[in-house]
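Predicted, not measured: the structure shown is a model, and the values here were computed from it.
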Amino acid sequence: HLDGVFFFTLGEQPLLVKYLRHLAARVGHPLPLDVNETQEIEPYLRAILGDKQVFIFVDHLVHSEDLRPFLVGGPGCRLVVSSRYDTVADELAVSRERRVVVDDMEWDEAEELCRKLLETEAWQWGEDDRGGLEEVGKLVGRSPLVLETLVTWVPEMGWKNLLASLWEKLWEPSSCDMTGWELRIC
């Protein structure tokens, strides 16, 4: 079961404190009102996210230092970052081999990627996987980075539970004020 799915678009002047406050509130731990600097928020988030399973997609990273507050999750957290600038990837020391051009894949490409990631002696790809991928893909798109990250939870959760968690966590309008951050579903 996922504890949260978060999409943040940063850009030139991100509202980091506001985004981090939303993140904490959405996983059930609002930050104290007197904590207003990213450096102060990081230890709180590290404690809050340490045992959570969350998926965070940081889009349009312009300044590599803006990523630091999002690097606090525990082993159950997955982080995907997109940037339109090679210089950001260089600053983050992302090797050329690990960089992925993020265009939506065709369905057969998405299936092949997920099959390669999932198929082991203990997991054989089948019709249920194809159907699960199609449903998840309809919700989040067919970005290689997003699918590659989400599919890591399939052996533990199964497609049906992953999809249910995504639906539950992607849109909870009563849980917090959504002003100032963008929910993106491709």
Side-chain angles (χ1 to χ4, degrees), residues 1-8 19-20 22-30 42-59 61 67-82 92 94-95 97-100 102 104-176 181 183-186:
H1 141 80
L2 291 177
D3 297 300
V5 178
F6 305 95
F7 292 78
F8 298 105
Y19 295 163
L20 299 171
H22 281 300
L23 177 58
R26 301 262 312 192
V27 293
H29 298 280
E42 287 176 37
Y44 283 97
L45 284 178
R46 186 169 286 109
I48 292 168
L49 298 176
D51 63 346
K52 301 287 186 196
Q53 287 191 344
V54 299
F55 172 64
I56 301 171
F57 184 87
V58 173
D59 183 37
L61 181 65
L67 184 62
R68 190 189 75 246
F70 296 97
L71 298 174
V72 296
C77 295
R78 304 290 187 271
L79 176 68
V80 172
V81 179
S82 77
L92 295 172
V94 177
S95 69
E97 297 80 35
R98 297 231 11 177
R99 297 179 194 188
V100 178
V102 182
D104 271 0
M105 298 179 287
E106 296 298 322
W107 282 112
D108 58 332
E109 295 172 310
E111 182 177 333
E112 184 61 26
L113 172 70
C114 292
R115 178 180 300 176
K116 284 180 182 177
L117 293 170
L118 283 175
E119 236 173 20
T120 64
E121 288 181 23
W123 190 282
Q124 296 301 309
W125 186 265
E127 284 302 313
D128 288 343
D129 296 301
R130 184 173 289 112
L133 170 61
E134 286 178 12
E135 291 303 312
V136 168
K138 286 176 190 174
L139 183 60
V140 300
R142 293 168 301 198
S143 158
L145 288 176
V146 173
L147 288 177
E148 189 175 270
T149 303
L150 289 177
V151 80
T152 62
W153 280 306
V154 170
E156 178 185 336
M157 300 176 68
W159 289 104
K160 185 176 181 180
N161 289 333
L162 175 61
L163 187 63
S165 284
L166 287 170
W167 269 113
E168 174 189 346
K169 299 299 179 182
L170 273 174
W171 188 248
E172 297 173 322
S174 63
S175 65
C176 72
W181 68 290
L183 176 65
R184 302 180 108 199
I185 302 177
C186 305

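Residues meeting the side-chain hydrogen bond (donor to acceptor under 3.5 Å, both in side chains) test with W153, sequence neighbours left out: none. Considering only residues two or more places apart in sequence or on other chains, E112 meets the side-chain hydrogen bond (donor to acceptor under 3.5 Å, both in side chains) condition with none of them. R130 is linked by a salt bridge (Lys or Arg N to Asp or Glu O under 4.0 Å) to E111, E127, counting only residues two or more places apart in sequence or in another chain.
The side-chain heavy atoms of V54 and V27, taken from C-beta on, include a pair separated by under 4.5 Å. With a 4.5 Å cut-off on side-chain heavy atoms, L67 and V81 count as touching. Inter-residue side-chain proximity for W123 and V154 is flagged as met; some heavy-atom pair is nearer than 4.5 Å. Between L150 and V5, the closest side-chain pair of non-hydrogen atoms is not below 4.5 Å. Residues I56 and L23 have side chains in contact (heavy-atom distance under 4.5 Å, counting atoms from C-beta outward). W125 places a side-chain heavy atom less than 4.5 Å from the side chain of C114. Annotation: side chain of R115 is not in contact with side chain of D129 (no heavy-atom distance under 4.5 Å). Considering only heavy atoms from C-beta on, T152 comes within 4.5 Å of R78 through its side chain.
Closest of all the heavy-atom pairs between T120 and Q124 is O-NE2, 2.8 Å. Closest heavy-atom contact between A24 and L45: CB-CD2, 4.0 Å. The heavy-atom pair separating P75 from G50 by the smallest distance is CD-O, 3.7 Å.
Here the CG atom belonging to L133 is positioned 6.0 Å from the CG atom belonging to L147, to the nearest 0.5 angstrom. With rounding to the nearest 0.5 angstrom, the CE atom of M157 is 10.0 Å from the CG atom of L163. Note that CG of L49 is 11.5 Å distant from CG of L71, once rounded to the nearest 0.5 Å.
D3 places a side-chain N or O within donor-acceptor distance of the main-chain N or O of Q53, the cut-off being under 3.5 Å. The backbone N or O of K116 sits nowhere less than 3.5 Å from a side-chain atom of E119 that would complete a donor-acceptor pair.
Using a 3.5 Å distance cut-off with no hydrogens or angles, the side chains of D128 and W159 do not pair a donor with an acceptor.
Using cut-offs of 30° and 60° on the angle between ring planes, the pair F6 and F8 is parallel. Taking the six-membered ring for Trp and thresholds of 30 and 60 degrees, F7 and F57 have ring planes inclined between 30 and 60 degrees apart.
Using a cut-off of 4.0 Å between Lys/Arg side-chain N and Asp/Glu carboxylate O, E135 and K160 are scored as not salt-bridged.
Aromatic rings from Y19 and F70 are positioned such that their centres are separated by 6.0 Å or more.
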